[in-house]
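Structure record follows, encoded as structure tokens.
Throughout, protein chains are lettered first and strands after them, A, B, ... in sequence-line order, and every chain is numbered starting at 1. As a basis for the values below, the full set of heavy atoms in this structure was taken, side chains included, without hydrogen atoms, waters or symmetry mates. A quick note: this is a predicted structure, and the numbers were derived from the prediction, not measured.
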2 protein chains.
Amino acid sequence: MKQVTIYDIAKEAKVSAATVSRVLNNTAPVKESTRSKIMQIIHKYQFQPNALARSLLKKETGTIGVIMPDITNPFFPEVFSGIDRAASEMGYTFFLCDTLGDTRKESQYLHMLREKQVDGILFLGGRINLSKCDPELAEEVVETASRIPTVLINGNLPGTSLHRVILNEAKGAELATQFLIDAGHRSIAFIAGNEEMTTTAQKVRAFRRVMKKNGLETAKENVLYGDYSMASGESSMEKILARRERPTAVFCVNDLTAVGALKAAMKAGVSVPDEVSIVGFDDIPLASAIYPELTTVSQRMDLLGGTGVQVLHKMILKEKVRMLTVIEPELIVRNSTRSLR
Amino acid sequence: MKQVTIYDIAKEAKVSAATVSRVLNNTAPVKESTRSKIMQIIHKYQFQPNALARSLLKKETGTIGVIMPDITNPFFPEVFSGIDRAASEMGYTFFLCDTLGDTRKESQYLHMLREKQVDGILFLGGRINLSKCDPELAEEVVETASRIPTVLINGNLPGTSLHRVILNEAKGAELATQFLIDAGHRSIAFIAGNEEMTTTAQKVRAFRRVMKKNGLETAKENVLYGDYSMASGESSMEKILARRERPTAVFCVNDLTAVGALKAAMKAGVSVPDEVSIVGFDDIPLASAIYPELTTVSQRMDLLGGTGVQVLHKMILKEKVRMLTVIEPELIVRNSTRSLR
DNA sequence: ACCACTTAAGCAAACGTCTGCAGACTAGAG
DNA sequence: CTCTAGTCTGCAGACGTTTGCTTAAGTGGT
């Protein structure tokens, strides 16, 4: 019950192993008669070459590692799907590493990926920000990146220069805000995320900028901070609804938060979009699964993943590639918003 | 910029490669002084052994392949999460293979996994049924399973004997039906899936059985077939709502369908749960993300994945293990149902 | 001083594939 | 019939580990 090797094939075909290898890889001309004889034997034994041996020799595995914080967060399967589509065309396969937000596991995975000689690493930052990760891990990431092509997707590691592909979140915030203003809303609240995270900060700034450009004030209490979760959206919305004067529209830092806000509104018997409009961010599947369907800023998550792979691929091929790639967002209008005009 | 090998370490430490290997794996006693010297050099070069070479020799890779139809379907990340948790404890890593429902890719992946010498394969059937897959693929799966430990999660391949772990769907349907009846509902509709699929058939049978046991009729029009999608739930519910006499409760074959049904009800201005109760199946995250939160049968998807890994692990270790493992469901009562009493 | 025994370390083969080099054969031209 | 230019095939070494077998060195008992 031993494994069939290229030698066994060779012996039975009365040729050398080299020849078998050559028909396997089409790497040199071989006489038609011997080729077909070999092929036949290969079929007979259902022979498949051992990729480990090949990789050991060629120093490439056709494998890339994908590290992400939580596959259960609907954001990531979407990104992964984009990665998969792009990369399977190029013949790569993945190690999927889910860190569950645990830094220790992150470093373990990094180790493992290096041992397994992956051709490249894709690091999904996503909603959890790398910027405040502990310096030791950061060091490790940089170290690894210096040996193995690495790209950061939607993350950042300040003070280092790693290849990145990110979303233009500021632009997305602008689109959403301007859309609401154009629809006649004057009083708009923003349920944001963690105040210290760059992506949130960017969005807040963009939000304020657009408001001002349209001659509108942004009251202090109209920017609420949270933690990107549904629960945070729910409680923020409750606070908003408790006010004497409610805003007519609420813009949320991501869809999960928006769904939480929506839930709070429904619970309180406040109609969406009749009494309050809600806009989300990301366009996760959930956004169109609920009623009313969420107006949201599409992050083009699959594109994000696909682009990440392309960048990585070029790096593996040692082609020149830009350090920073930016994906532009798009506004998707559905039924959670209405025009006041 | 060549790779540092065990030989380089050995040379610098003035020992043989064998010794270095032994300190790396703790596989034989080595004098403390040399050990620490070697360790120091390893650190200095950040040396990591090449897993390919090791695997080639030892004939084990610590890697398992996971094949699933669609990572974007919220069912699968949950299962995967369970897989990951269980397997990373045992030191495995995964190739994640998303077939996108394409049979050709499935067979490609199977090939690839064999080439890469995975220690085992996890085949997620899930909502898409393997039973009606084309015989050629089936043949291939069986062929592969005869060489590499393979377990089918939530799938079946009739006429073959593969290790499986599945959910007791019939039991789940019973739980849900009985719950509704206990709550005083007499007229209950069931929005099912594909009539030809065994899982649906089982559920329908269980549903009918429980109804009868409680002295209730199941009108023919109260079992509607669909395709598990949200859209199918929506349209089925529309049909139901258009009737003169509406059932007071609707049980759905899965959560996606239930969400669709819920959406249809809301669109039509029919209150859930006041005018109609809805029960789902699976307990995907979406189920508790919407308002009202869905009463549903939990499939314990993480447990499903985790158990799959355990079974596979035992097979890899050549331990005896039951061919069939069944996971018992659990009813989760939330707010999409109400008691009529 | 010798022997038996334990502990440390080295040698070399093996895992399964690819490939540079060289040799053998074929065929066509002179 | 010889020479040349291909065309096809084999040899052997390399990739980076692990491990069974052997040898060398040290320990203590008689």
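When heavy atoms are screened at a 4.0 angstrom cut-off, B:S55 is found touching no nucleic acid atom at all. Residue A:T5 is classed as a sugar-phosphate contact, given heavy-atom separations below 4.0 Å to backbone atoms only. Within 4.0 Å of B:T19, counting heavy atoms only, lie sugar-phosphate atoms of the nucleic acid but no base atom.
Along DNA chain D, the nucleotide nearest to A:S33 and the one nearest to B:P49 differ in position, and the one closer to the 5' end is contacted by A:S33. Between A:L24 and B:E32, it is B:E32 whose nearest contact on DNA chain C lies nearer the 5' terminus.
Rounded to whole Å, the distance from CG on A:L56 to C1' on D:dG16 is 6 Å. For the pair B:Y7 OH and C:dG10 C1', the interatomic distance rounds to 10 Å; values are reported in whole Å. Spacing between atom CD1 of B:I38 and atom P of C:dA9 amounts to 8 Å, rounded to whole angstrom units. Put simply, NZ on A:K14 is 12 Å from P on D:dG10, counting in whole angstrom units. Note: CZ (A:R35) to P (D:dT7) measures 15 Å, nearest angstrom. D:dG16 atom C1' lies 14 Å from atom NZ of B:K11, rounded to whole Å. Rounding to whole angstrom units, NZ of residue B:K58 and P of D:dG16 are separated by 19 Å. Remark: P of D:dT17 and CG of A:L52 are 14 Å apart, rounded to the nearest angstrom.
Set against D:dT9, D:dT19, C:dT17, the side chain of A:R54 has C:dT17 as its closest nucleotide. For A:N50, counting side-chain heavy atoms from C-beta on, the closest listed nucleotide (D:dT19, D:dT17, C:dG16) is C:dG16. Here the side chain of A:A18 is nearest to one of D:dC11, C:dG10, D:dT9, namely D:dC11. Each of C:dA8, D:dT17, D:dC15 was ranked by its minimum atom distance to the side chain of B:K31; first place goes to C:dA8. Minimum atom distance to the side chain of A:S16 is reached by D:dC11, of the listed D:dC11, D:dC15, C:dC15. Comparing C:dC15, D:dA12, C:dA12 against the side chain of B:L57 picks out C:dC15 as the nearest. If you check D:dT9, C:dT17, D:dT18 against the side chain of A:R22, the one that comes closest is D:dT9.
With rounding to the nearest 0.5 angstrom, the CE atom of B:M90 is 5.0 Å from the NE2 atom of B:H313.
Residue B:F123 forms a side chain to side chain contact (heavy atoms under 4.5 Å, CB included) with just one option from B:I67, B:N154, B:I153, and that option is B:I67. Each of B:V141, B:T150, B:L312 was evaluated against B:I121; a single residue qualifies, B:T150, per the side chain to side chain contact (heavy atoms under 4.5 Å, CB included) test.
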**Study point:** Test log, rule ring-ring contact (aromatic ring centres under 6.0 Å, His included), inputs B:F94 and A:F94
**Key:** CA-CA 8 Å; B:F94 313 92; A:F94 313 92; over 10 Å; no
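For B:R114 and B:E143, the salt-bridge test passes: some basic side-chain N is under 4.0 Å from an acidic carboxylate O.
The side chain of A:T34 places an N or O atom within less than 4.0 Å of a non-bridging phosphate oxygen (OP1 or OP2) of D:dT9. Note on A:N25: a side-chain N or O is less than 4.0 Å away from OP1 or OP2 of C:dC18. Checking the phosphate oxygens (OP1, OP2) of C:dG16, a side-chain nitrogen or oxygen of B:K59 falls inside 4.0 Å.
Side chains of A:K116 and B:T93: a donor-acceptor N/O pair is present below 3.5 angstrom, by distance only.
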